[in-house]
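Remarks on the structure that follows.
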Amino acid sequence: ASMDSAKDLFFSWWNGGEKPAKKTATSTLKAQPDAHKADLAQNHTSATDSHGKPTVQALPEKKKKKTAAERVLEFEVELTKKVINVDAIRSLCWQGIPDKPGLRALLWKVCIAPQFASTCRFIAPRPLKRFCQILLGYLPRHRDEWEGSLAKSRKLFAEFIQELVIDPRKAASAEADHPLSLDRDSSWNAYFKDNELQAEIDKDVKRTFPHLHFFRGETERHPEALREILFIWAKLNPGVRYVQGMNEILGPIYYLFATDPDESFREHCEADAFFCFTNVMSEIMNNFIKTLDKSDLGIVGKMREMTTILMQKDPQLARNLEDKNLNPQFYSFRWITLMLSQEFELPDVLRLWDSLFSDAKRFQFLLYFCCAMLVAVRERLLSTDFAENLKLLQQYPPGDIEDTIALATRLRDDEFWECPFWEPAPVAPEPVEQPVPRSESASDTITA
């Protein structure tokens with residue numbers, strides 16, 4: 001498909017969805033009926049009584065929550081269509097993908113695609129034309145094209161490895177070249193530089209989800225796959241190269257594809273993970289570019305935007321953190337850069353990413369989710385000092401991820417939302433000007 005048609009294919013994003021009906025389970029979130037008054041009023045139907053005055057009719061009955069089997073069936077119906085309705089898929093994914101083996105891995109291949117075609121120009125300078133055709137949609141809408149598209153992308157990944165992994169012993173100029181050569185075009189010189197890059201990547205790969213046996217097992221297959229994906233990506237993006245933390249973005253994607261029950265997908269999990277990782281990085285790459293740190297495009301701009309959202313939604317909490325000099329960089333830098341992959345257990349990260357990858361403004365929602373994390377523990381933040389606040393936010397307490405997603409959705413969707421915990425300070429009445437009493441001396445003067 002051409003770049004324009006592929007761009008049109010993935011430019012339709014779902015912009016709505018049913019709010020989770022689950023009740024809040026975190027210790028700091030309390031039921032506040034008054035806070036939902038505006039929401040309830042919007043859902044009532046207006047009518048008039050015999051005197052022409054508006055009345056409010058009863059709310060319709062709440063929809064019954066669908067079972068996991070019913071939700072799996074909804075996904076299967078959409079995936080069996082000859083032409084995939086990407087909007088419908090994203091609408092379903094927003095509410096979370098059921099834990100059916102292989103379902104999430106397949107759906108992420110549909111949902112993960114760059115929002116803007118122009119981002120591809122920064123990905124791979126050399127094989128740009130062929131590379132962009134793959135990146136604009138890893139799985140095309142037409143199911144008949146899946147097999148050919150996957151075969152083409154997997155072949156391309158094999159070519160990347162063959163071209164970019166240098167072995168000077170096998171080079172055509174191996175006899176004329178020398179390991180101690182200072183020539184810039186020497187294959188040995190490039191080989192040693194690549195070794196330094198691989199050593200840097202290897203240090204972080206060893207720290208990727210260290211508590212999971214999957215990454216720490218007896219076999220070296222999975223850590224080696226992570227190293228190779230990150231190395232190829234760094235070579236294709238010399239202006240960015242590898243930056244610490246990219247391994248945390250790749251980890252969940254690779255884990256999902258490598259545990260796919262479908263052998264045909266699991267066999268090529270490395271190539272599939274590479275392209276989906278590249279799609280994600282095309283949107284968050286600026287967070288890893290040091291020269292953009294202090295600009296609106298970089299990570300500092302994202303933290304500033306998150307602080308602005310918090311000030312709008314919960315000014316009391318925002319000012320409290322500001323008064324304590326609790327800089328957002330102390331906690332939200334890692335939250336935003338790593339897409340919260342280190343703040344929650346892997347199953348919760350996968351559930352959160354279901355919503356992120358299916359949202360029209362996926363990384364805007366990430367900022368609202370970060371604000372929801374702060375609001376969820378606001379009572380502890382307001383009642384403790386700087387040191388306790390910092391410890392709490394750098395070691396975020398476990399909770400129900402669905403509750404936080406629901407709170408983040410309300411923060412985003414309710415334009416005039418007011419924090420149910422915040423009570424505005426009472427406004428002092430304006431002083432009334434009292435008449436000045438006439439003094440005796442003045443009266444005597446006038447009389448005289």
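We're numbering straight along the sequence, starting at 1.
- Atoms CG and CZ, on Leu350 and Phe344 in that order, are 13.0 Å from each other to the nearest 0.5 Å.
- Residue Glu270 holds its CD atom at 12.0 Å from CZ of Arg154, rounded to the nearest 0.5 Å.
- Here the side chains of Lys235 and Asp194 are in contact, with some heavy-atom distance below 4.5 Å.
- Smallest separation of non-hydrogen atoms from Ala258 and Phe214: CB-CZ, 3.6 Å.
- Panel note: side chain Arg216, backbone Lys206; a donor-acceptor pair is recorded below 3.5 Å.
- For Lys324, the NZ atom sits in a packed shell: over 12 heavy atoms of surrounding residues, nucleotides or ligands are nearer than 6.0 Å.
- Note that the OH atom of Tyr396 and the CG atom of Leu340 stand 10.0 Å from one another [nearest 0.5 Å].
- Two residues are said to be in side-chain contact when any heavy atoms from C-beta on lie closer than 4.5 Å; Pro140 and Ser149 meet this criterion.
- In this structure, the side chain of Ser91 does not engage the main chain of Asp87 through any donor-acceptor pair within 3.5 Å.
- In summary, Glu200 and Lys203 do not engage in a salt bridge, as defined by a charged side-chain N under 4.0 Å from a carboxylate O.
- By the 6.0 Å contact criterion, CZ on Arg241 is open, its count of non-hydrogen atoms from other residues, nucleotides or ligands being 12 or less.
- At a threshold of 4.0 Å, the pair Asp99-Arg104 counts as salt-bridged, since one of the basic side-chain nitrogens sits closer than that to a carboxylate oxygen.
- Side-chain contact of Arg334 with Gln394: a donor-acceptor pair under 3.5 Å is absent, judged by distance alone.
- Judged purely by atom type and a 3.5 angstrom limit, Tyr254 has no side-chain atom pairing as donor or acceptor with the backbone of Ala225.
- Side-chain atoms of Asn287 do not come within 3.5 Å of backbone N or O of Thr337 as any donor-acceptor pair.
- A donor-acceptor pair under 3.5 Å links the side-chain atoms of Thr80 to the main chain of Glu76, judged by distance alone.
- Taking CG from Asn389 and CG from Leu393, the interatomic distance works out to 6.5 Å, rounded to the nearest 0.5 Å.
- A donor-acceptor pair is defined here as one N or O able to donate and one able to accept, closer than 3.5 Å; no such pair exists between the side chain of Trp94 and the backbone of Asp354.
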Where do Arg319 and Asp323 land on the salt bridge (charged side-chain N to carboxylate O under 4.0 Å, His left out) test, with the steps shown first?
-> CA-CA 6 Å; Arg319 293 192 185 99; Asp323 292 341; over 6 Å; no
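- Within a 6.0 Å sphere centred on CG of Asp262, other residues, nucleotides and ligands contribute more than 12 heavy atoms.
- Between the CG atom in Asn286 and the CE atom in Met281 there is a gap of 9.5 Å [rounded to 0.5 Å].
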Yes or no on side chain to side chain contact (heavy atoms under 4.5 Å, CB included) for Leu106 and Phe75, after CA distance, side-chain angles and deciding distance?
-> CA-CA 11 Å; Leu106 178 61; Phe75 281 104; over 6 Å; no
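- The side-chain heavy atoms of Asp400 and Asp348, taken from C-beta on, include no pair separated by under 4.5 Å.
- Side chains of Leu236 and Phe274 form a contact here, defined as non-hydrogen atoms less than 4.5 Å apart.
- The heavy-atom pair separating Asp260 from Gly102 by the smallest distance is OD1-CA, 3.9 Å.
- Tyr368 does not carry Lys313 over the face of its six-membered ring by the limits of under 6.0 Å from the centre and within 45° of the normal.
- Two residues are said to be in side-chain contact when any heavy atoms from C-beta on lie closer than 4.5 Å; Pro252 and Met339 fail this criterion.
- The closest donor-acceptor contact from the side chain of Arg71 to the backbone of Gly96 lies under 3.5 Å.
- In this structure the side chain of Ile253 never reaches within 4.5 angstrom of the side chain of Asp272, judged on heavy atoms.
- Proximity of a side-chain donor or acceptor of Asn247 to a complementary backbone N or O of Gly245 within less than 3.5 Å is detected.
- Taking 4.5 Å as the limit, every side-chain heavy atom of Lys302 sits out of range of all side-chain heavy atoms of Leu366.
- Leu338 and Trp353 make their closest contact through O-CZ2, 4.2 Å (heavy atoms, listed as atom of the first residue, atom of the second, distance).
- The local environment of CD in Gln364 is crowded, with over 12 non-hydrogen atoms from other residues, nucleotides or ligands closer than 6.0 Å.
- Leu92 and Glu78 get closest at one heavy-atom pair: CD1-CG, 4.0 Å.
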CA sep, side-chain torsions, deciding dist, call: Lys193, Glu196, salt bridge (charged side-chain N to carboxylate O under 4.0 Å, His left out) = CA-CA 5 Å; Lys193 289 183 178 180; Glu196 295 177 2; over 6 Å; no
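- Atom-to-atom distance recorded for Asn327:CG and Met303:CE is 7.0 Å, nearest 0.5 angstrom.
- Here the closest heavy-atom approach between residue Thr404 and residue Ala372 is recorded as O-CB, 3.8 Å.
- Remark: Tyr255 OH is loosely packed, at most 12 non-hydrogen atoms of other residues, nucleotides or ligands lying under 6.0 Å away.
- The existence of a salt bridge linking Glu402 and Arg351 is confirmed by a sub-4.0 Å separation between a basic side-chain nitrogen and an acidic carboxylate oxygen.
- Distance alone, capped at 3.5 Å, is enough to place a donor-acceptor pair between the Arg143 side chain and the Leu79 backbone.
- Contact of the Arg410 side chain with the Val375 side chain is not registered, since no non-hydrogen atoms from C-beta on lie closer than 4.5 Å.
- Using modelled atom types, one side-chain atom of Glu70 and one backbone atom of Thr67 make a donor-acceptor pair closer than 3.5 Å.
- Ion pairing of Arg207 with Asp204 is present here, as a side-chain N (NZ or NE/NH1/NH2) and a carboxylate O approach within less than 4.0 Å.
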Check the pair Arg221, Cys269 against side chain to side chain contact (heavy atoms under 4.5 Å, CB included), reporting the backbone distance first and the verdict last.
-> CA-CA 11 Å; Arg221 177 195 170 193; Cys269 63; 3.6 Å; yes
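- A salt bridge links Glu263 with Arg266: at least one charged nitrogen is closer than 4.0 Å to a carboxylate oxygen.
- For the side chain to side chain contact (heavy atoms under 4.5 Å, CB included) criterion with Leu230, the lone passing option out of Ile249, Ile201, Asp202 is Ile201.
- Between Leu326 and Phe330, the shortest heavy-atom distance links the atoms CD1-CD1, 4.1 Å.
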